[in-house]
Amino acid sequence: MRGVLGKSRKMICSLLSQAPVSPAYYYRSSPSIYKPKPSNRFSWGFLAPIPSPAIRVFCSKPGEVGGLMASSVQNQGSISYLTQREAAEVDETLMGPLGFSVDQLMELAGLSVATSINEVYKPSEYNRVLAICGPGNNGGDGLVAARHLYHFGYKPFVCYPKRTQKPLYSGLVTQLESLSIPFLSVDELPMDLSKDFDILVDAMFGFSFHGAPRPPFDDLIKKLINLHYYEQAQRKPPVIVSVDIPSGWHVEEGDVGGDGIKPDMLVSLTAPKLCAKKFSGPHHFLGGRFVPPAIAEKYKLQLPQYPGISMCVRIGKPPQIDISSLRENYISPEFLEEQVEADPLDQFRKWFDDAMAANLKEPNAMALSTTGKDGKPSSRMVLLKGVDKDGFVWFTNYESQKARQLSENPHAALLFYWDGLNRQVRVEGSVEKVSDEESEQYFHSRPRGSQLGAIVSKQSTVVPGCHVLHQQYKELEEKYSKESLIPKPKYWGGYRLKPERFEFWQGQPSRLHDRLEYSPQETDGKRVWKIVRLAP
Ligand SMILES: NC(=O)C1=CN([C@@H]2O[C@H](COP(=O)(O)OP(=O)(O)OC[C@H]3O[C@@H](n4cnc5c(N)ncnc54)[C@H](OP(=O)(O)O)[C@@H]3O)[C@@H](O)[C@H]2O)[C@H](O)CC1
Ligand SMILES: Cc1cc2nc3c(=O)[nH]c(=O)nc-3n(C[C@H](O)[C@H](O)[C@H](O)COP(=O)(O)O)c2cc1C
Ligand SMILES: Cc1ncc(COP(=O)(O)O)c(C=O)c1O
Ligand SMILES: [K+]
């Protein structure tokens, strides 16, 4: 097992997919709430900071660029907005000298739209999607998005009243028909779209829109505007997701009369167009993870970094969330007494393997809770570095706060939470230091930087500033040249918790979770684990 756990360090996991990952990646539904994706430790799935200051050249009026508010978490002032002409020019450059085909770009655009939708609106809650597609490429993006959404587990419908007779478009239609995705004519659409659909994809017009919408799109746009009235009538309206431009909006000026559609989500493509500054809905995403540096340089495009391997990135402020409404409904396979291992260590290994297979980030991260002689508890995360019949091992500083508490009270609790699997494991028991030899061995297996870090850090003591740590680190780096052995400080080593109680928790709907507890029992002078079910 030790060997297996060692692998977790390498697991900079793929963070895009919210889709089920084998063997077990269970569902959680969260109605109407944006759940930040666990994409990386710092960003909550939003933008990583852009290292250089905003360049802001590609827009017509300098003051118009980077209009995101200062409070916007990590991307303030850092994104370029395009005029209508510029947007068309970028597309032409992509499809001219840079060798892209329209099919390719449309595929990437539609995929970005589908992944953005999936980031916020999970198919368990928002299943029925109507893609309303216009006559141009924006409509094509909608057709592609509908196909991807089907494969992501949604039920798409398509309204495509003005079909373009080009092989690209008829191919997209054939692909959708082959998936038995229904095409609805404008007449077949209900007056009130709110009853039959959870998501309306507005793919009518993109950056080539001009003038006032002509039939039948004028009425379709009105249907989207009118949803607002159903909202007032207490019915939960479907959400509107606009592709690139909210249809009917002026590409640069936005919703000029203030009476246009008000999308809940806008997915800008390549780079947001000027009208996107007027978007005040909760979810603004950018799709276009294909812009070659040549284009970005040529047009001085300032674009955000995409997290992990994602096709989309949230831009703009994350929505204000009412914390009290944040909740998940856990949906998982049954976890029954008959299925569990008699030995909790075997059960732990099984679940740990599932967590590894599900590509969870640092499945060996566990909260360690301790109390000192004052009885006041404190918790912090540590990394599990080994587990066997003797117990659960982690390494730390023997002069830290936790070490002081453990010397006063050698009992502790460990907690694992495996988000993607709706699982939690609690382990409680007594704690002792591991042998010096074991600590030595593990210390020297760590990256040299972490070894030096452990020497530098008088963990849990007050430091006057980070420069002190960096200075000491630098000195040690010079002292211990590349090959030389870095001695383990005597104040650094491992602890082992010998379990006296386990609890395996599997989230279930309506808060009726499975909780199986293992506690030791003497039977005929033999120690066995008794398993009981606890009320959730
Ligand atoms: N770089 C990318 O990420 C890509 C994005 N793409 C998407 O393409 C659109 C731009 O596509 P384009 O085909 O140039 O234009 P539109 O889809 O916006 O629409 C053009 C058609 O709409 C008609 N139109 C225009 N105004 C009106 C109106 N007032 N009423 C009715 N119809 C209107 C227009 O007809 P005309 O006769 O007026 O010319 C066209 O038929 C971009 O926004 C992205 O969504 C691509 O997928 C590729 C790369
Ligand atoms: C994911 C994660 C893993 C961590 N792993 C360890 C670890 O293995 N050992 C350790 O000493 N500190 C680790 N830390 C830092 C501790 O949480 C904590 O800040 C530090 O040990 C000081 O705790 P104390 O003052 O309560 O002793 C980790 C932090 C995080 C977020
Ligand atoms: C202070 C500290 N010590 C130790 C560790 C565990 O690191 P390693 O896996 O290198 O042993 C961590 C991990 O975050 C840490 O922050
Ligand atoms: K649109």
Side-chain angles (χ1 to χ4, degrees), residues 1-2 5-6 8-9 41 345 348 352 362-417 424-473 475-477 479-480 485-503:
M1 190 66 183
R2 273 180 197 151
L5 293 187
S8 64
R9 278 239 144 236
R41 212 184 268 193
L345 204 62
F348 180 82
F352 194 89
E362 293 200 307
N364 61 330
M366 55 187 187
L368 161 69
S369 300
T370 52
T371 55
K373 59 174 182 275
D374 61 5
K376 294 180 181 171
S378 63
S379 303
R380 79 288 288 153
M381 301 300 292
V382 291
L383 293 183
L384 178 68
K385 289 291 161 174
V387 55
D388 58 22
K389 63 176 181 19
D390 295 326
F392 288 66
V393 174
W394 68 93
F395 292 88
T396 190
N397 185 305
Y398 283 154
E399 293 169 6
S400 61
Q401 191 217 22
K402 69 179 95 51
R404 180 184 56 73
Q405 290 191 325
L406 284 169
S407 71
E408 291 171 8
N409 173 15
H411 297 274
L414 303 175
L415 176 69
F416 296 85
Y417 176 51
Q424 138 178 282
V425 179
R426 295 163 63 168
V427 189
E428 290 153 19
S430 56
V431 179
E432 57 186 34
K433 287 182 179 171
V434 305
S435 70
D436 227 21
E437 196 191 0
E438 201 172 333
S439 293
E440 280 286 346
Q441 202 179 10
Y442 176 68
F443 182 80
H444 294 296
S445 76
R446 303 176 82 211
R448 286 176 75 82
S450 310
Q451 294 184 39
L452 295 181
I455 301 178
V456 167
S457 170
K458 308 290 177 276
Q459 198 175 54
S460 321
T461 63
V462 176
V463 273
C466 57
H467 59 279
V468 179
L469 301 176
H470 294 152
Q471 180 57 33
Q472 287 172 9
Y473 183 92
E475 286 164 15
L476 284 176
E477 241 181 349
K479 181 169 169 188
Y480 298 108
L485 188 84
I486 301 169
K488 177 188 84 60
K490 62 179 184 332
Y491 52 79
W492 199 92
Y495 284 101
R496 175 175 280 110
L497 179 143
K498 198 168 173 47
E500 283 147 18
R501 178 185 178 269
F502 283 84
E503 183 197 313

Just verifying a value: how many Å separate [X] [atom1] and [Y] [atom2], rounded to the nearest 0.5 Å?
X	Y	atom1	atom2	result
M381	L414	CE	CG	10.5 Å
K385	Y442	NZ	OH	3.0 Å
F392	M366	CZ	CE	8.0 Å
L384	L497	CG	CG	10.5 Å
L345	D388	CG	CG	7.5 Å
I455	I486	CD1	CD1	6.0 Å

Flag, side chain of S369 to backbone of S379, donor-acceptor distance under 3.5 Å: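 Such a contact is absent between S369 side chain and S379 backbone.
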Backbone N/O of R448 and side chain of Y480: donor-acceptor pair under 3.5 Å: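 Not at all, since once roles are kept as given, no pair shorter than 3.5 Å links the two residues.
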By side chain to side chain donor-acceptor pair (under 3.5 Å) - contacts of T396 (at least two apart):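 Expected list: K402, Q459.
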Step-by-step ring pair (Phe, Tyr, Trp, His ring centres under 6.0 Å) determination, W492 to F443: CA-CA 8 Å; W492 199 92; F443 182 80; 5.3 Å; yes
Set of side-chain contact (heavy atoms from CB on, under 4.5 Å) partners for S435, sequence neighbours left out: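 S435 satisfies side-chain contact (heavy atoms from CB on, under 4.5 Å) with E437, E438 only.
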By side-chain contact (heavy atoms from CB on, under 4.5 Å) - contacts of E399 (at least two apart):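 If we apply the side-chain contact (heavy atoms from CB on, under 4.5 Å) test to E399, skipping adjacent residues, the hits are N397, Y491.
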Where at least one partner belongs to residues 464-473, residue pairs that pass side-chain hydrogen bond (donor to acceptor under 3.5 Å, both in side chains), sequence neighbours excluded: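 Every pair satisfying side-chain hydrogen bond (donor to acceptor under 3.5 Å, both in side chains) with a residue in residues 464-473: Q471-E475.
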Atom of G493, atom of S439 and distance for their closest heavy-atom approach: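 Smallest heavy-atom distance, with atoms named: CA-OG, 3.3 Å.
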Do [X] and [Y] have side-chain heavy atoms sitting under 4.5 Å apart?
X	Y	answer
P499	E428	no
R496	K433	no
F502	R426	no
V425	L415	no
L476	V456	yes

Centroid-centroid distance, F395 to Y495, less than 6.0 Å: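 No, the ring of F395 stays outside the 6.0 Å limit from the ring of Y495, centre to centre.
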Centroid-centroid under 6.0 Å between F352 and F416 rings: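 When the ring centroids of F352 and F416 are compared, they turn out to be at least 6.0 Å apart.
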Ion pair R501/E503, N-O distance below 4.0 Å: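 Here R501 pairs with E503 in a salt bridge, since their nearest N and O are under 4.0 Å apart.
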Enclosure of E440 CD (heavy-atom neighbours >12, cutoff 6.0 Å):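 For E440, atom CD is crowded (more than 12 foreign heavy atoms under 6.0 Å).
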Test salt bridge (Lys or Arg N to Asp or Glu O under 4.0 Å) applied to R446 - qualifying residues, sequence neighbours left out: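 With neighbours one apart ignored, the set is empty.
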Could you list the donor-acceptor pairs under 3.5 angstrom formed by side chains in residues 403-413, with sequence neighbours left out?
{"unit_1": "R404", "atom_1": "NH1", "unit_2": "E408", "atom_2": "OE1", "d": "3.4"}
{"unit_1": "R404", "atom_1": "NH1", "unit_2": "E408", "atom_2": "OE2", "d": "3.3"}
{"unit_1": "Q405", "atom_1": "OE1", "unit_2": "T370", "atom_2": "OG1", "d": "2.5"}
{"unit_1": "Q405", "atom_1": "OE1", "unit_2": "S378", "atom_2": "OG", "d": "2.9"}
{"unit_1": "S407", "atom_1": "OG", "unit_2": "R404", "atom_2": "O", "d": "2.7"}
{"unit_1": "E408", "atom_1": "OE1", "unit_2": "K373", "atom_2": "N", "d": "2.7"}
{"unit_1": "N409", "atom_1": "OD1", "unit_2": "H411", "atom_2": "N", "d": "3.4"}
{"unit_1": "N409", "atom_1": "ND2", "unit_2": "T371", "atom_2": "OG1", "d": "2.7"}

